[in-house]
Amino acid sequence: MHPTRIVEQVTYMLSLDQNDCDRTLLGCKFVREPEDSTWHYTQWANGLSDERLHLEQFREITILQPTWMMSRKRFEELGGYIEAPPP
């Protein structure tokens, strides 16, 4: 993880008005570890324009899970994080 990622994301979220903050799912670019694993996917995902992010939302995951950030209010409204449904 980039050493300032969390600070940068929190700073951005705090710059939004409360309504926008509660409707925002924020992500960022990423570095794959190990670096050479799925390099083509990393290059594709990190190179998406705003338009492509919008168009790809129904085909592919465009905001990668480890980079997600949302307000606590929205997180709780959605029921928190559930990695897998109960058996």
Side-chain angles (χ1 to χ4, degrees):
M1 178 172 69
H2 191 276
T4 63
R5 179 183 69 106
I6 302 295
V7 170
E8 291 178 43
Q9 286 182 303
V10 168
T11 300
Y12 180 80
M13 294 294 280
L14 291 173
S15 75
L16 301 173
D17 66 54
Q18 192 61 51
N19 189 43
D20 286 340
C21 184
D22 291 339
R23 295 181 303 140
T24 297
L25 175 62
L26 183 63
C28 65
K29 294 182 178 183
F30 65 97
V31 175
R32 180 72 73 179
E33 293 179 15
E35 261 185 61
D36 60 347
S37 66
T38 64
W39 63 268
H40 52 289
Y41 181 78
T42 303
Q43 186 177 30
W44 172 82
N46 284 336
L48 291 170
S49 65
D50 288 345
E51 179 183 15
R52 291 306 306 174
L53 281 169
H54 182 73
L55 292 172
E56 296 287 344
Q57 68 181 319
F58 301 110
R59 286 187 38 187
E60 184 61 61
I61 298 169
T62 56
I63 301 178
L64 298 172
Q65 188 173 1
T67 73
W68 292 359
M69 179 174 282
M70 67 182 78
S71 70
R72 165 72 65 182
K73 177 183 174 191
R74 186 68 176 145
F75 181 78
E76 290 174 355
E77 286 172 350
L78 294 171
Y81 182 80
I82 302 168
E83 188 169 337

Applied to residues 38-57, the ring-ring contact (aromatic ring centres under 6.0 Å, His included) test, sequence neighbours excluded, yields Y41-W44

Without placing hydrogens or testing angles, list every side-chain donor-acceptor pair under 3.5 Å for residues 66-73, not counting sequence neighbours.
unit_1	atom_1	unit_2	atom_2	d
T67	OG1	C28	N	3.4
T67	OG1	L64	O	2.8
W68	NE1	I63	O	2.7
S71	OG	D22	OD1	3.0
S71	OG	R74	N	3.1
K73	NZ	D22	OD2	3.4

Taking atom CG of N46 and atom CZ of R32, what is their separation to the nearest 0.5 Å?
-> 9.5 Å

CG/L55 to OG/S49 distance, rounded to the nearest 0.5 angstrom?
->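 Here the interatomic distance stands at 7.5 Å.
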
Just wondering, do T11 and E8 contact through their side chains at under 4.5 Å, heavy atoms?
-> no

Cluster overlap V10 with L26, hydrophobic side-chain contacts below 4.5 Å = yes

Taking atom CG of D17 as the centre, report whether more than 12 heavy atoms of other residues, nucleotides or ligands fall under 6.0 Å from it.
-> yes

Greater than 12 external heavy atoms within 6.0 Å of E35's CD =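 Counting other residues, nucleotides and ligands, CD of E35 stays at 12 neighbours or fewer.
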
Is it true that a side-chain atom of T4 and a backbone atom of V7 form a donor plus acceptor pair closer than 3.5 Å?
->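 No; judged by distance alone, with no hydrogens or angles, the pair does not exist.
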
